[in-house]
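Everything on this sheet refers to the single structure shown next.
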Amino acid sequence: MRTVNSPFDKIEKLRDSVIQHGPSSDRIYLMKLKANDYPDIIPDLVRLAEEHHYGKIFAKVPARVADGFLHEGFDREAVVPGFYAGDDDAVFLGRYLKPARREVSPEQREQMEGIVALAREKRDAAGDGTPASPFTLRRLETTDAAALTRLYGSVFESYPFPIFEQEYIVHTMEEDSIAYYGAFTTDGRLVAASSAEMDKISRNAEMT
């Protein structure tokens, strides 16, 4: 079971925008771009990545500014329509400073294809009906933090944030930035979990 993960990635400000970066993910993630930082933040991101020898810069930005990133060597990787409160799409962009970060090994591709195949198999097997569940589903509370960290430790070999520490889980619950939900067996064991990291201003959530 994984109980320690160090060093963790940092979440901090670059200009007025929010970024995540660190050796655990070997990247910079531009999480929230402030309008007044564009386009000057782009060379700042590149400089920071070069300083730390990161392999990738990953950016989530409104569609209205995406062209500026594309002109600076970023690639468009995905688009989420209406992500920003329904007013603008989110464009996910990547710039690779290490060519190897572009590559997916045969083993990784096989694993990903296996996961997709399994999901489709379970979807098709479910049919039109929804079978009765033997589990109880509910939103998790601070008293569930120990069980949740144990579950995460049994699933993840590493993670860029301290999800194996009860204090971190409790903090995110108390500030109401992440909502956690769990599935419990009849004897009260937590066997599955999901979380939603909420951006209440832009009216979206990142599901895990």
Side-chain angles (χ1 to χ4, degrees), residues 1-13 17-33 56 58-62 77-86 89-92 94 108 111-112 114-116 118-120 122-123 126 130 133-208:
M1 176 181 291
R2 178 77 175 194
T3 56
V4 177
N5 184 29
S6 181
F8 297 115
D9 286 359
K10 301 176 182 177
I11 293 182
E12 59 187 15
K13 290 284 189 73
S17 299
V18 179
I19 64 169
Q20 169 206 339
H21 70 104
S24 181
S25 298
D26 186 31
R27 72 175 186 190
I28 300 173
Y29 173 20
L30 175 57
M31 303 172 67
K32 294 182 181 180
L33 173 67
K56 181 180 180 180
F58 180 56
K60 177 179 67 184
V61 303
E77 298 189 338
V79 178
V80 179
F83 185 86
Y84 294 103
D89 301 342
V91 180
F92 291 79
Q108 290 173 318
Q111 183 182 36
M112 290 188 290
I115 291 169
V116 172
L118 180 61
R120 288 174 173 163
K122 289 186 175 294
R123 176 200 61 190
T130 302
S133 173
F135 304 104
T136 299
L137 307 179
R138 65 170 173 82
R139 183 166 179 169
L140 302 183
E141 303 172 350
T142 56
T143 52
D144 300 306
L148 184 57
T149 56
R150 285 195 298 270
L151 178 64
Y152 283 154
S154 70
V155 173
F156 297 107
E157 293 184 2
S158 65
Y159 209 83
F161 300 110
I163 62 170
F164 312 116
E165 299 176 2
Q166 294 183 44
E167 294 81 3
Y168 172 78
I169 299 296
V170 170
H171 172 71
T172 58
M173 288 179 173
E174 290 179 341
E175 71 175 8
D176 198 29
S177 60
I178 303 178
Y180 300 89
Y181 293 84
F184 293 83
T185 60
T186 53
D187 61 357
R189 289 185 301 115
L190 178 66
V191 294
S194 180
S195 65
E197 183 175 354
M198 299 172 288
D199 183 340
K200 295 181 180 180
I201 296 176
S202 294
R203 295 166 54 195
N204 59 62
E206 179 179 337
M207 305 293 296
T208 302

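Separation of atoms CD1 (I169) and OG1 (T142) is listed at 11.5 Å; rounding is to 0.5 Å. For the atom pair I28 CD1 and D9 CG, the distance stands at 10.5 Å (nearest 0.5 Å). To the nearest 0.5 Å, atoms CZ (F83) and OG (S202) are separated by 7.0 Å. Taken from CD1 in I11 to NZ in K32, the straight-line distance is 9.0 Å, to the nearest 0.5 Å. Between the OH atom in Y84 and the CG atom in D199 there is a gap of 8.5 Å [rounded to 0.5 Å]. A distance of 10.0 Å separates OG1 of T149 from CG of L190, quoted to the nearest 0.5 Å.
Looking at L30 and F58, their side chains never come closer than 4.5 Å, going by heavy atoms from C-beta outward. V91 places none of its side-chain heavy atoms less than 4.5 Å from the side chain of E77. Using a 4.5 Å cut-off on side-chain heavy atoms (C-beta onward), F164 and R150 make no contact. Between H21 and K10, the closest side-chain pair of non-hydrogen atoms falls below 4.5 Å. A heavy-atom distance below 4.5 Å is not found between the side chains of I19 and K13. You'll find the side chain of M207 reaches within 4.5 Å of the side chain of S194, heavy atoms only. Looking at heavy atoms from C-beta onward, F184 lies in side-chain contact with D144 at the 4.5 angstrom threshold. Between I163 and F156 the shortest side-chain heavy-atom distance falls below 4.5 Å.
In summary, K200 and D176 engage in a salt bridge, as defined by a charged side-chain N under 4.0 Å from a carboxylate O.
In summary, the side chains of Y180 and T172 do present a donor paired with an acceptor at a separation below 3.5 Å, with no hydrogens or angles considered.
Scanning both residues, S195 and I178, for their nearest heavy atoms gives CB-CG2, 3.8 Å. V191 and L151 get closest at one heavy-atom pair: O-CD1, 3.9 Å. Residue T186 comes nearest to P134 through the heavy atom pair CG2-O, 4.0 Å, listed as atom of the first residue, atom of the second, then distance. Between M31 and K60, the closest heavy-atom pair is O-CE, 3.0 Å. P160 and S24 get closest at one heavy-atom pair: CA-OG, 3.7 Å.
Surrounding NZ of K56 are more than 12 heavy atoms belonging to other residues, nucleotides or ligands, all under 6.0 Å away. Other residues, nucleotides and ligands contribute more than 12 heavy atoms inside 6.0 Å of the CZ atom of R139. In L118, the CG atom is crowded: over 12 heavy atoms of neighbouring residues, nucleotides or ligands sit closer than 6.0 Å.
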- Given side-chain contact (heavy atoms from CB on, under 4.5 Å), test R27 with Q20 step by step and report yes or no. CA-CA 8 Å; R27 72 175 186 190; Q20 169 206 339; 3.9 Å; yes

- Task: With side-chain contact (heavy atoms from CB on, under 4.5 Å) as the test, would you mind laying out the steps for V61 and F92 before giving the verdict?
- Result: CA-CA 7 Å; V61 303; F92 291 79; over 6 Å; no

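With hydrogens and angles ignored, the 3.5 Å screen pairs a side-chain donor or acceptor of D89 with a backbone N or O of G82. Between the S133 side chain and the F135 main chain, a donor and an acceptor come within less than 3.5 Å of each other.
Each of E174, E167, E175 was compared with H171 under the side-chain hydrogen bond (donor to acceptor under 3.5 Å, both in side chains) criterion, and only E175 meets it.
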